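Worth knowing before you read on, the calculation uses all heavy atoms, side chains too, and leaves out hydrogens, waters and symmetry mates. Bear in mind that the values here come from a model prediction, so they are computed numbers and not experimental data. In what follows, every chain begins at residue 1, and chains take the letters A, B, ... in the order their sequences are listed.
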There are 2 protein chains.
Amino acid sequence: MPTIYEVAAAAGVSPATVSRVFNGANVSPEKAEAVRRAAKEMSFTPSRTARTLRLQSSEVIALVIPDIENPFFTALARGVEDVARAAGYSVVLCNTDEDHEKELRYLDIALSATMAGVIIAAAGGNSDLSGLIARKCPVVAVDRSPHGVDVDAVIVDNRAGGRAATQALVEQGFQRIACITGPSDVETATQRADGWRDAVTGNGTTDDRYLRFADFRVDGGATAMSELLALPEPPDAVFVANNLMSVGALRVLSEQGKLPPATGVAVFGDLPFLPLVPIPITVVHMPARHLGTTAAKLLLERISGDDQPARTIVLRNQLTPVG
Amino acid sequence: MPTIYEVAAAAGVSPATVSRVFNGANVSPEKAEAVRRAAKEMSFTPSRTARTLRLQSSEVIALVIPDIENPFFTALARGVEDVARAAGYSVVLCNTDEDHEKELRYLDIALSATMAGVIIAAAGGNSDLSGLIARKCPVVAVDRSPHGVDVDAVIVDNRAGGRAATQALVEQGFQRIACITGPSDVETATQRADGWRDAVTGNGTTDDRYLRFADFRVDGGATAMSELLALPEPPDAVFVANNLMSVGALRVLSEQGKLPPATGVAVFGDLPFLPLVPIPITVVHMPARHLGTTAAKLLLERISGDDQPARTIVLRNQLTPVG
DNA sequence: ATGAAAGCGCTAACAT
DNA sequence: ATGTTAGCGCTTTCAT
């Protein structure tokens, strides 16, 4: 790897001039040309590492998400990317797999690589953002807002969404509405379950027999659905708190010949790939991409020095019947 | 951000000693302890940037993929991650969106950030890996092997898979078997189409009316399927060359009431989320995760200095009837 | 076992 | 407009 020194020597100028050429500073056309030629000749690429060390900051932002296999998060990632790229930043994705160790490691990297900022959908439980915050590394939380930390957040109203979805089931006349939600240490999971509880209370099914904490993944949804159906008095409807679990739940319902409309189903989040045969399901649409673009915009503001108090932006999620 | 100098001062030792403590070199227990305490006190994190600059290499590897929203690539990513992590490396994902500019940018970053290596599923056309290769940055291609570059590659036999899938359709008695494949500048797309051609030749349908180049995405599959069905003499079966497009194609078939078994369908790649209602489809299983783990292992070997000639590993993809 | 010091490649004063 | 130089934070000889 050639350095600016070698390019400088080849072009007959000083290293500073080479640097200036690559950073758009004032350089006479002839020298600039000479530098560019020499650089091309040697196929010189400026070292980002050295630049980052010198500048104490880079143009890459980290996007930390708990499950890269969930289409919701990949759609969100696309949103982040588009906005970030347009502003000249690159995005690197870090998959934590809902695991705190991995998460911590990535945050550590972001910090010690002096990345420009991080957008994080926190793994379950209390994520430790204190390091980032202490070092004033711009952070914005997305989808899930970490407990007790004062950072920008872009979220949806999980409780209201859960309530609306469940309410739709109530209005459809179902009597025993179950709830399959995510891990109990993930905020969005409990909030959506709270929404469910809001709606079923007074409807006779406050009963926690009908509440299942799963893992936000396909198999977890399937297992929970099986358990519910095995109950002495099985539910006649179910509110599923995320997209992936709904795939599992529907699969089980299908196997047992109890697909909607035989069973009522409402889902928080969009089905990743619509079922081929139209099935009447209630869906709370998640503005995944929009969450991403919004978070990226907030982060960019922070990066450029915006110092106002932390903001929380709540995006609307729309209730739509599907099928 | 405290530096080793400040930690050294606080602990009453030299910077070199601090460095040694953090790198497992020989240091007396007392001093080591003092250093650790001071470091914790100041919540010191060694600068990876400085370390990378000094060492001229880091412990992160870049995984460059063309479509982060495709479950095939995310599964592959999981495979890479698991192997890399176990060896102490972190993986950052770079989404190129099948776009050469983005790809080039990420490769440039990998290089100028002196990453340990890169695993790449190249965007369509000829990816330029020359920079990486010239600088001896370890590279392994996965899923798609870039043209005319001599690098390790982990792939599947696309042509054989396409042939087998189509052959299954032939054996099921279909007469006019169409093919929906990916972009014509993506190797895997043309190879799978070649496999289709192998199988339909002699079956009367070599006719390119039945061949469609789409974009490897859901909508592309849907559009292509619509076009095919609008033909004067529409096909009675279709071989779809990737997972996402099959979702689109099946959707269109469903809308027109022509779902299998009315129409024959064979797919290269696993349906991301199986249809609820069992539908008889032939699937060429893609060992996505395995592609990832294998690529990661090859890369790790190269990183540790393995200098043998480039290898190409062809993984088996298994034909399975589904539904 | 420990310290002093050079240097990884770059940028930004400061000088000219 | 251009060159000189110090220094970003770390690792690693080379001494001791």
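- A salt bridge does not link A:R217 to A:E98: none of the charged nitrogens lies less than 4.0 Å from a carboxylate oxygen.
- Each of D:dT2, D:dT12, C:dC10 was ranked by its minimum atom distance to the side chain of B:S19; first place goes to D:dT12.
- The interatomic distance linking B:N26 (CG) with C:dG3 (P) rounds to 14 Å, in whole Å.
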Polar pairs (N or O, both sides) under 3.5 Å between protein and nucleotides 14-16 of chain D?
none

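- One N or O on the side chain of A:D99 and one on the backbone of A:E101 form a donor-acceptor pair closer than 3.5 Å.
- Taking atom CG of B:L53 as the reference point, atom P of C:dG7 lies 14 Å away to the nearest angstrom.
- In the set C:dT11, D:dC10, C:dG9, C:dT11 carries the atom at the smallest distance from any side-chain atom of A:L55.
- Residue B:F44 is in sugar-phosphate contact alone, with no base atom involved, counting any heavy-atom pair closer than 4.0 Å across all strands shown.
- The base of C:dC8 has none of its N or O atoms less than 3.5 Å from a complementary donor or acceptor on the side chain of A:Y5.
- OP1 or OP2 of C:dG3 lies within a sub-4.0 Å distance of a side-chain N or O belonging to B:T17.
- Candidate nucleotides C:dA12, C:dG9, D:dC10 were compared by shortest atom distance to the side chain of A:A16, and C:dA12 ranks first.
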Check the pair A:E69, B:R289 against salt bridge (charged side-chain N to carboxylate O under 4.0 Å, His left out), reporting the backbone distance first and the verdict last. CA-CA 12 Å; A:E69 299 196 73; B:R289 209 195 135 73; over 6 Å; no
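- Here the side chain of B:S127 pairs no donor or acceptor atom with the backbone of B:L129 at under 3.5 angstrom.
- In this structure, B:E33 places its CD atom 18 Å from P of C:dA1, rounding to the nearest Å.
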